[in-house]
2 protein chains.
Amino acid sequence: MTAAARREVIETAATEVFAERGYPGAAIDEIARRSGVTPPVVYDHFASKRDLYRRLLERHFAELREVWRRHLPGDDPPRERFARSIDAWFAYIESHPFAGLMLFREASGDPDVDAMHAEVAARSRAAILPLFAAEPGAEGLAGSVIGEGLEMAWVVLRGVLQGLAIWWTDHPGVPREQVVATAMNSLWFGFERVTEGEGWVPLD
Amino acid sequence: MTAAARREVIETAATEVFAERGYPGAAIDEIARRSGVTPPVVYDHFASKRDLYRRLLERHFAELREVWRRHLPGDDPPRERFARSIDAWFAYIESHPFAGLMLFREASGDPDVDAMHAEVAARSRAAILPLFAAEPGAEGLAGSVIGEGLEMAWVVLRGVLQGLAIWWTDHPGVPREQVVATAMNSLWFGFERVTEGEGWVPLD
DNA sequence: CCCTTACCTAACGGATACTAGGTTAGCCAG
DNA sequence: CTGGCTAACCTAGTATCCGTTAGGTAAGGG
C-alpha cells in the first residue's frame, strides 16, 4: 500500500479508537491492528501519539467549521439558514460518527493534550462566533442581561448539539430530521426572542 | 486519623483527580498523595480503582438526583419550580465543582467503567424523567412530532446544564444567577411552547 | 503485655509508548 | 536480466508507568 493510502487508513482507525476509548485508553497497538499493520508503521507516519491526535483534531474540527461557514451566512430568513446549518451539521455527524465522538470527549487525562484540545476548539469557536455576531439583532444577545452573552450562547449551542450527537450515535435508527427538529426546537425560540428584542425570562 | 475520616478525605481527593484527569488518567498514586497517604491505604478502604470510582458515581449522582426530587414537584407555577430546580442544581455544582466535572465526563476508555457510568446515569434519568412527565401538558412533549420526545428533551436538558456547568468551572467569577438565567432562557421557551400545545417549529 | 488499627516500604506483573535494526518486494539503471 | 536502491513493513526489544499485593511497623487502648 502506498504511504498516503496507509496514512489515511491509520487516521480513520485512530479516529475510531480515540472516539471509543478516549486519549489515554486508545492504544497504539489497537490503532495499528485496525489499520492492518504493526505499531512501528504508525510511527513512520506520525511522530508520536500526541502528534497523531493533534492531526485528527485539526482535521475534524476544520471540517465541522466549514459546515457553519458554508451554510450560515446568506440572505434567506435567519431561521431557514439556521435550520440548514444544523441539518448540515448533523449530516456531517451522520457520515463521520467517530469524528464527532472524538471531538466531544472533553478531557483526555493528559494536561498537554487537554490544552491542545482546548486550543483547537477555541479556534473553531473564534471562527464560528462571528457568523452569529453578524446576524441582525445579535447585539441583543451580546448586551443582554447575561453578561457573557455571546459566549454563553455558544456554550448552550454546543451543549445541545453535542448532547444530541452523542445520543444519536447510540440510537442510529432515529432519522436525522427528528434530531434536527429537536435541536431547532430547543435552540430557536431563545435566539429568536432575544434577536427580536423581546427580552429574557425575568429572574424571580 | 480515623478510618471514616480518612475515607472521606480519599473520596474528596479522588473526585478531584477523576474530574481533572478522567478515569484512565487518574493515578491511584496521585489520589493517595492528595489524601496525605500512600497507595496501599487507598486499598484498605476500597477494593479497587473501579470500586472507588463506582462509589463516587453513586454518591454524586444520588445527590444531584435529590436536587430535582426536592425542587421540581409542587403546586407553584411550573416556571417557578423549574427555575428553582435549575438554581438548586447549579448551587450544587457551585459547591461541588469536581463532582459535576466527574459525572459529565462521558467516556473513560475502559468499557466496563463506561458501562458502569451509563448504568448509574440511567438510574438518575429514570428517577428524574417521571417528575417532568407528571407536568401538565407533558403528553405534548412525549407525543410530539419528535418520536422519542421525552428522551430527547432529557438529552437537551442535560446537554445545556452540562455545557454550562463545565464552562462555569472555567469562569468562576460569573455569578450563579447569570448561569441560571442562561439555562432558563435556553430551555424554558421550548418547554413552555410544547406543554401549552402551541406546537413545534415546522420542518421545511 | 498484647491486640487492633492505621499506615508504611518494597516489590510484582502487566500494559504501553516508542525504538533499533533487519527483511522483503518492487523499480530502475546498466 | 541483474544488481542495487528505496520504501513499506516487520521482529524484538527497552524503559516506564501503574494497579495491586505481601508483609511489616508503630502507636494506643484495654
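To find a chain, count down the sequence lines: A is the first, B the second, and so on, and within it residues start at 1.
- Annotation: proximity of residues 25-39 of chain A to DNA chain D (heavy atom, distance under 4.0 Å) is found for A:V37, A:T38, numbered in ascending order.
- Note: NE2 (B:H45) to P (C:dC7) measures 6 Å, nearest angstrom.
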Protein and nucleotides 25-28 of chain D: nitrogen or oxygen contacts under 3.5 angstrom:
none

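- One can place CE of A:M1 at 21 Å from P of C:dT24, the figure rounded to the nearest angstrom.
- Side-chain atoms of B:W168 and B:E94 form no donor-acceptor pair, as typed in the model, at a separation below 3.5 Å.
- Side-chain contact check for A:P73 versus A:R81: every heavy-atom pair is 4.5 Å or farther apart.
- Taking atom OH of residue B:Y43 and atom C1' of nucleotide C:dT9, one finds them 16 Å apart after rounding to whole Å.
- A salt bridge is absent between B:R55 and B:E58; no separation between the charged side-chain nitrogens and carboxylate oxygens falls under 4.0 Å.
- Proximity of a side-chain donor or acceptor of B:R34 to a complementary backbone N or O of B:T12 within less than 3.5 Å is not detected.
- Judged by the 6.0 Å and 45° rule, A:K49 forms a cation-pi pair with A:Y23.
- To the nearest angstrom, C1' of C:dT16 lies 14 Å from CG of A:D110.
- Here the nucleotide nearest the side chain of B:K49, chosen from D:dT20, C:dC18, C:dC8, is D:dT20.
- A heavy atom lying under 4.0 Å from DNA chain D marks none of the residues of residues 2-10 of chain B.
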### Task
In sequence, state the C-alpha distance, the side-chain angles, and the governing distance for B:D110 and B:R50, and then conclude on salt bridge (charged side-chain N to carboxylate O under 4.0 Å, His left out).
CA-CA 10 Å; B:D110 181 324; B:R50 282 231 275 266; 3.0 Å; yes
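- Here the C1' atom of nucleotide C:dT19 and the CG atom of A:D44 are 11 Å apart, to the nearest Å.
- Rounding to the nearest 0.5 Å places CD1 of A:I10 at 9.0 Å from CD1 of A:I31.
- As rounded to whole Å, 14 Å separates atom P of D:dC18 from atom OH of B:Y23.
- Counting only heavy atoms from C-beta on, B:P40 has its side chain closest to C:dC8 among C:dC8, D:dT20, C:dA20.
- Using a distance-only test at 3.5 Å, with no hydrogens or angles considered, a donor-acceptor pair links the side chain of A:R7 to the main chain of A:H45.
- With rounding to the nearest 0.5 angstrom, the OG atom of B:S124 is 12.5 Å from the NE2 atom of B:H60.
- A straight line from CG of B:D51 to C1' of D:dG19 spans 14 Å, rounded to a whole angstrom.
- The aromatic rings of A:W89 and A:F104 lie parallel to each other, their planes meeting at an angle below 30°, with 60° marking the opposite boundary.
- The number of heavy-atom neighbours closer than 6.0 Å to CZ of B:R59, taken from other residues, nucleotides and ligands shown, is above 12.
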